[in-house]
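Working notes for the structure below.
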Amino acid sequence: MLITLQRRVLHLRSPLVTAHGSTSERHVIEISVQEGKFYGYGEASPLPGFGLESFQEAETALNNWVQDPEQLPTSPAALSGAATALEYLAFAKRGDSLPPASIAVQALVGASEIFDVETQVAQAIDAGYPAIKLKVAATNTSADIERIRVAATLTNEKALLRLDANGGWSTNEASQVLRAVADEQIDLVEEPTQDPSDWRAISTRTGLNIGADEHLSGALQIDRILELKAAHTFVLKPSVLGGPGFTRQLASRADEHNIRVLISSFLDGPIALRAARDLALDLAPHEIHGLGTAALFVDELPEDVQPVKGRIFRR
Ligand SMILES: [Mg+2]
């Protein structure tokens, strides 16, 4: 098996501000594996602040794998990319093909200024997105309350509004903000605080559906979330969870616990987006997934990952 690595940089139209910091570009390692006339592709792109290896560490791990293809990388982003490439290679060797299909995706809004939130949410609704995810907990609580109200006024009955705090609120801040917006229609709040033992109480007090995302990165944390009944939704990111196989396992555990599954990009490049799209079609074809992120890049990504009227299409 021949493994090839290629670096690539993707540029965001405007910085995405989350509780983990601001992101303006994505450094991606594109992976291709080849056996004879068959190919499989994957991608590794760690992002600082999300508990992954650094870009350097991912690159080193993948270079070691190139030298010794029997030893898969162990760090999460590198492993996810390698496992994705191998799964698609196996698929190609079997001569299988996937039918054309499409899946609903959400728009991601991470602007901090109220005016920008208003503009970006209005644009997303006009473009036909069925859901909008607003990043929160990166500024202060009064700004968040105003940002959420502005977004909710626009999305009201036209699109779902989802919030993602990336664990950035304290318990008090989460309660303060979520109570202030209790009358708004909100589909979901992801990772409201750092500690999942808070989440059930937050949900009880506010009536909101809680999503787990960053906390799904380790077996012990997943067990704890299930034990605490802390989350109603699992947001699964195949590009950090170890690739398609691990994502499927986690989705079936979620299913056993009546937990909704959404698939999400990690501001991925086109290869990982495509793999996430295929998983979303396989695991939860009727949900709205976090896969509308190709629209955030200046770089022109391929058509089959670009959202059109709030959907992406496998051709
Ligand atoms: Mg999230």
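Just so you know, these numbers use all the heavy atoms, side chains as well, and skip hydrogens, waters and symmetry mates. Just so you know, ligand 1 is whichever comes first in the structure, and atom 1 is the first atom listed for that ligand.
Comment: D223 engages R253 in a salt bridge, judged by a side-chain N to carboxylate O separation of less than 4.0 angstrom. By the 4.0 Å N-to-carboxylate-O rule, R8 lies too far from D299 to be salt-bridged with it. Taking the charged nitrogens against the carboxylate oxygens, E59 and R7 do have a contact shorter than 4.0 Å, which makes a salt bridge. Ionic pairing of R26 and E43 is not present here: no N-O contact between side-chain nitrogen and carboxylate oxygen is shorter than 4.0 angstrom. Salt bridge annotation for D183-R149: absent, with no cationic side-chain nitrogen under 4.0 angstrom from a carboxylate oxygen. A salt bridge is defined here as a Lys NZ or Arg NE, NH1 or NH2 lying under 4.0 Å from an Asp or Glu carboxylate O, and R315 with D304 fails to meet this definition.
Below the 2.8 Å limit, the Mg ion (ligand 1) has as protein N, O or S neighbours D164 OD2, E190 OE1, D213 OD2.
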